[in-house]
Amino acid sequence: MTKEFTPDPVIEAGIEREFKPDEYQPLGKEVYVKAADMMSDKGYSEGYLGANIRARMKRENKRFWAGDNISDYLHESDKERLIDEAAEAFELVLDRLLIDRETDPNSKGTARRLAKMYFNEVMAGRYDPAPDATAFPNDSADRYEGMLVVRSELRSMCSHHHQPVSGVAYIGIIAAEKLIGLSKYTRIAQWCARRGTLQEELCNDIAREISKATESENVAVYVQAVHGCCENRGIMAHSSLTQTTVLKGAFKEDQGTKKEFFDNIKMQQEFAPR
Ligand SMILES: [Zn+2]
């Protein structure tokens, strides 16, 4: 937490303001801004799409932490504008870091590269809707009733230091009435990972989303990852590994199921060492 909190002029003021449609124009998804302010150049003005989206989320008590998905609050087409706004802000960060982004050829386009990287890559899972995971029925007489374990490679970013996190998730489920395509497990896990995360939180998120997509209550997720914030700074540990496990339903209650899951992980690790 920062010690000093500066109230956001857009968010703190005028929420109850009278809405006169002809004075406003649309800016992003269900966001309207005074037409006059769109043109203004007074710094952090109402014309900033990002500021308006934040105001709307606050108003609606929508949590927008680094690990939260906020795709309901933006159109795909809003991204370009949000990237422009973030690029402008990253320029200021580089200036404050006393990096010459005017003559240093390697720093010239860095602000925009960072903005694009955040929206389209390292934090894409915040802005993109959940991957489409069509479920296939698994309810015939010869339905599959066993355990399924999928190994998913993950790249994430810690929300504390914005340092890279890389590792694998082993996702286990006991097949329920519905099955999803094998690649979908990894797509869902990666969608959860492409945000600012904590590994503990990520493990929970993957379990919840897999459970939602498969309608199975018997889900287990084991994640092992290395963290840039422990490797590149601080304790500079170059071979530290963090492991987290979430067990639900039979994986938690039945020792045999739990053991089968971890035996499967060992077999997977023989096939593909990390
Ligand atoms: Zn960190």
Side-chain angles (χ1 to χ4, degrees), residues 67-69 124-125 130-159 164-231 237 239-274:
D68 292 330
N69 181 277
D132 177 33
T134 313
F136 302 98
N138 183 41
D139 51 10
S140 58
D142 58 348
R143 72 193 210 104
Y144 180 71
E145 292 179 326
M147 184 183 294
L148 203 80
V149 180
V150 177
R151 177 184 191 274
S152 302
E153 288 174 4
L154 297 182
R155 287 287 179 277
S156 190
M157 190 179 88
C158 82
S159 46
V165 174
S166 64
V168 283
Y170 295 91
I171 301 165
I173 72 157
I174 309 291
E177 303 271 291
K178 285 177 177 173
L179 289 175
I180 57 171
L182 289 179
S183 66
K184 301 301 182 192
Y185 293 93
T186 300
R187 290 219 184 278
I188 291 170
Q190 288 177 344
W191 174 68
C192 293
R194 295 308 245 173
R195 307 175 191 187
T197 63
L198 292 188
Q199 189 174 322
E200 299 89 328
E201 192 180 79
L202 175 60
C203 211
N204 273 329
D205 288 352
I206 296 173
R208 187 190 58 243
E209 294 300 329
I210 294 292
S211 182
K212 219 191 271 180
T214 57
E215 292 178 22
S216 174
E217 284 164 10
N218 302 309
V219 174
V221 179
Y222 167 75
V223 174
Q224 59 176 46
V226 292
H227 292 248
C229 63
C230 297
E231 291 190 330
S239 58
S240 73
L241 187 65
T242 305
Q243 293 156 299
T244 44
T245 312
V246 172
L247 303 171
K248 290 184 187 290
F251 288 93
K252 189 176 182 178
E253 282 135 31
D254 180 59
Q255 287 305 309
T257 307
K258 182 175 170 180
K259 185 175 183 303
E260 187 183 338
F261 176 57
F262 284 104
D263 287 347
N264 264 286
I265 291 175
K266 272 185 216 133
M267 287 189 271
Q268 292 251 19
Q269 285 172 333
E270 277 168 28
F271 173 74
R274 209 185 61 77

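Fair warning: this is a prediction, and the values are worked out from it, not measured in the lab.
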Looking only at atom types and distance, does a side-chain atom of [X] sit under 3.5 Å from a main-chain N or O of [Y], one as donor and one as acceptor?
{"X": "Arg194", "Y": "Gly125", "value": "no"}
{"X": "Lys184", "Y": "Asp132", "value": "yes"}
{"X": "Thr197", "Y": "Ala193", "value": "no"}
{"X": "Asn264", "Y": "Glu260", "value": "yes"}
{"X": "Gln199", "Y": "Val223", "value": "yes"}

Which heavy atom of [X] sits nearest to which heavy atom of [Y], and what is that distance?
{"X": "Ile206", "Y": "Cys192", "answer": "CG1-CB, 3.9 Å"}
{"X": "Val226", "Y": "Ser240", "answer": "CG1-O, 3.2 Å"}
{"X": "Ser166", "Y": "Arg155", "answer": "CB-NH1, 3.2 Å"}
{"X": "Val165", "Y": "His227", "answer": "CG2-ND1, 3.6 Å"}
{"X": "Gly181", "Y": "Phe136", "answer": "N-CE1, 4.2 Å"}
{"X": "Asp205", "Y": "Gly67", "answer": "OD2-O, 4.2 Å"}

How about [X] and [Y]: does a side-chain donor come under 3.5 Å of a side-chain acceptor?
{"X": "Asn218", "Y": "Ser216", "answer": "no"}
{"X": "Gln269", "Y": "Gln224", "answer": "yes"}
{"X": "Thr244", "Y": "Glu200", "answer": "no"}
{"X": "Tyr170", "Y": "Gln268", "answer": "no"}

Spacing of [atom1] belonging to [X] relative to [atom2] belonging to [Y], to within rounding of 0.5 Å:
{"X": "Leu247", "Y": "Thr245", "atom1": "CG", "atom2": "OG1", "value": "6.0 Å"}
{"X": "Phe261", "Y": "Ile171", "atom1": "CZ", "atom2": "CD1", "value": "8.5 Å"}
{"X": "Thr134", "Y": "Lys178", "atom1": "OG1", "atom2": "NZ", "value": "11.0 Å"}
{"X": "Glu201", "Y": "Ser159", "atom1": "CD", "atom2": "OG", "value": "6.0 Å"}
{"X": "Leu148", "Y": "Ile180", "atom1": "CG", "atom2": "CD1", "value": "9.0 Å"}
{"X": "Glu209", "Y": "Asn69", "atom1": "CD", "atom2": "CG", "value": "8.0 Å"}

- Message: Walk me through whether Asp254 and Lys258 qualify under salt bridge (charged side-chain N to carboxylate O under 4.0 Å, His left out).
- Response: CA-CA 6 Å; Asp254 180 59; Lys258 182 175 170 180; over 6 Å; no

- Message: How about CZ on Arg187, more than 12 heavy atoms from neighbouring residues, nucleotides or ligands closer than 6.0 Å, or not?
- Response: no

- Query: Who passes side-chain contact (heavy atoms from CB on, under 4.5 Å) against Leu179, sequence neighbours left out?
  - Reply: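 Checked Leu179 against side-chain contact (heavy atoms from CB on, under 4.5 Å); matches are Asn138, Ala175.
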
- Query: Residues in ring-ring contact (aromatic ring centres under 6.0 Å, His included) with Tyr185, at least two apart?
  - Reply: none

- Please assess Ile210 against Ile173 for the test side chain to side chain contact (heavy atoms under 4.5 Å, CB included), listing each intermediate value before the final yes or no. CA-CA 9 Å; Ile210 294 292; Ile173 72 157; 3.7 Å; yes

- Task: Could you go through the side chain to side chain contact (heavy atoms under 4.5 Å, CB included) check for Tyr222 and Val246 one step at a time?
- Result: CA-CA 7 Å; Tyr222 167 75; Val246 172; over 6 Å; no

- Task: Taking side-chain hydrogen bond (donor to acceptor under 3.5 Å, both in side chains) as the test, write out the residues that go with Glu153, two or more places apart.
- Result: Arg151

- Apply side chain to side chain contact (heavy atoms under 4.5 Å, CB included) to the pair Met147 and Val149, showing each step before the final yes or no. CA-CA 7 Å; Met147 184 183 294; Val149 180; 3.9 Å; yes

